[in-house]
Amino acid sequence: MPELPEVETIRRDLETKIIGHEISAVIILDDKIVQNRPRDFVKKLLNNKFIVAERRGKLLALGLATGEYLLIHLKMTGQLIYQSHDKIIAGGHSWPRAEDNFSERFTRVKIELSGGREIRFNDMRRFGYLKVVSAAEKEKIFQNNFGIEPLTPDFTWDNFSGLFAKRAIGIKSFLLNQKIISGLGNIYADEVCFHAGVAPTRRVDKLSERERKKLFRCIPSVLALAIKNRGTTFNSFVDADGKKGGFSGFLKVYGREGEKCPGCPGVIRKIRAAGRGTHYCPDCQS
DNA sequence: GTGTTTGTTATCAA
DNA sequence: CTTGATAACAAACA
């Protein structure tokens with residue numbers, strides 16, 4: 001599941017590869033994925049070029065020379081894979097094969113760039129989307145749909161501590177709510193709770209100042225370490241080169257139901273919280 | 001055939 | 001208004 005670290009990994013990959021190259025072809029294989037009218041989508045991209053790669057939460061925004069933005073959301077199983085013709089000729093890998101995390105079979109949109117470069121949007125479950133919007137619309141979406149952005153100067157204790165006020169919700173739904181905090185999904189929400197030593201079932205308005213501070217510190221530290229390791233591949237995530245992330249082995253609780261807790265003799269439990277599978281150690285998270 | 005996986009949004013109920 | 005619960009979307013897998 002691509003969350004902030006996975007999307008950031010892709011953003012950084014693409015930034016070095018696609019900026020400044022003219023878009024020479026746009027092929028939509030599945031209309032459902034594109035939220036513009038297909039003809040408009042192609043028209044807005046063709047002969048244009050990407051000049052910047054931005055991210056807000058789990059949403060990618062690739063800036064175009066015309067001032068518009070291509071928004072890309074990977075949702076559950078989306079992949080953005082880059083390939084250059086040169087690399088293939090030089091003996092590099094070709095497109096990742098189906099057995100490496102199903103890809104080609106689920107290619108929904110192809111964007112070809114000058115010089116034999118190409119990015120492909122794959123999505124097995126077709127939850128993800130691509131959409132070209134104006135700079136104003138993109139700004140509006142960034143503003144209205146996303147809460148505080150971890151790993152930015154905005155993420156201060158002053159700003160973060162204010163988010164707890166008058167909220168009678170569980171930590172899990174607090175962390176998953178993109179309008180409160182941007183970028184955490186099911187994996188990192190559980191991991192943050194573990195590192196902070198608080199049970200995901202606790203209500204945020206009942207947390208002590210000390211516990212809130214721990215959460216505040218663990219959110220950026222867990223995310224930063226995950227980015228450093230190029231994200232978590234649990235099911236389908238791959239980076240822009242089609243390679244898996246390296247953070248999976250660092251996961252302390254997610255996907256480890258029944259295993260021994262990494263921090264104490266206890267056993268990792270799995271429950272349902274905020275409608276999601278939720279992993280934690282009842283002994284060291286309280 | 002059943003249940004499970006989750007990002008996001010919609011809908012309903014307390 | 002707030003919150004939680006549930007379904008919906010979609011496709012694959014055990």
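Side-chain atoms are counted along with the backbone in the values below, which use heavy atoms only and exclude waters and symmetry mates. Here is how names work: the chains are called A, B, and so on, in the same order as the sequence lines, proteins then strands, and each is numbered from 1.
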Earlier contact from the 5' end, DNA chain C, for A/Arg126 and A/Gly170: A/Gly170
Flag side-chain contact, heavy atom, 4.5 Å: A/Asp40 against A/Val132: no
Reference residue A/Asp190; test side-chain hydrogen bond (donor to acceptor under 3.5 Å, both in side chains); the match among A/His279, A/Arg276, A/Lys252: A/His279
A/Thr77 vs A/Phe106 side-chain heavy atoms within contact, under 4.5 Å: no
Nearest listed nucleotide, side chain of A/Leu176, among B/dT9, B/dG7, B/dT8: B/dG7
Short side-chain N/O contact from A/Lys58 to OP1 or OP2 of B/dT8, under 4.0 Å: yes
Most 5' of A/Lys179 and A/His279 on DNA chain B, judged by nearest nucleotide: A/His279
Atom pair distance, as rounded to whole Å: CE in A/Met124 and P in C/dA12: 6 Å
Verdict with supporting geometry, A/Tyr188 and A/Tyr254, ring pair (Phe, Tyr, Trp, His ring centres under 6.0 Å): CA-CA 8 Å; A/Tyr188 295 105; A/Tyr254 185 85; 8.9 Å; no
Interatomic distance, A/Glu257 CD vs C/dA14 P [rounded to whole Å]: 17 Å
Residue A/Arg217 excluded, over 12 heavy atoms near CZ under 6.0 Å: no
P spacing across the pair B/dG3 / C/dT6, given as an integer number of angstrom: 15 Å
Shortest side-chain distance from A/Ile169, nucleotide among C/dG4, B/dT8, B/dT6: C/dG4
Integer-rounded Å distance: B/dT5 C1' and A/Met76 CE: 6 Å
Phosphate contact (B/dT6 OP1 or OP2) by A/Thr77 side-chain N/O below 4.0 Å: no
Length of the line joining A/Phe164:CZ and C/dT3:C1', which is rounded to integer Å: 17 Å
Under 4.0 angstrom between A/His73 side-chain N/O and B/dT8 OP1 or OP2: yes
Closest listed nucleotide, where the reference is the side chain of A/Arg276 and the choices are B/dT9, C/dA12, B/dT6: B/dT6
Phosphate-side-chain proximity, A/Tyr254 and B/dT6, N/O vs OP1/OP2 below 4.0 Å: yes
Heavy-atom neighbours of A/Lys228 NZ exceed 12 at 6.0 Å: no
Pairing stems for DNA chain C [at least three consecutive pairs; Watson-Crick or G-U; under 3.5 angstrom]: B:2-5 with C:11-14, B:7-14 with C:2-9
Cationic tip of A/Arg167 above A/Phe174 ring, under 6.0 Å, 45° of axis: no
A/Arg167 side chain, from C-beta outward: closest of B/dG7, B/dT8, C/dT3: C/dT3
Atom-to-atom span, CZ of A/Arg272 to P of C/dA5 - whole angstrom: 11 Å
Spacing of A/Lys172 atom NZ relative to B/dT8 atom C1', expressed in whole Å: 15 Å
Closest to side chain of A/Asn145, choosing from B/dT9, B/dT6, C/dT3: B/dT9
Atom-pair distance (CZ on A/Phe237; C1' on B/dG7), nearest Å: 16 Å
Residue mapping more 5' on DNA chain C - nearest nucleotide basis, A/Arg203 or A/Arg108: A/Arg203
A/Lys270 NZ - B/dT5 C1' separation (whole Å): 8 Å
side-chain N/O A/Gln178 vs B/dT8 OP1/OP2, d < 4.0 Å: yes
Ion pair check, A/Asp30 and A/Arg126, cut-off under 4.0 Å: yes
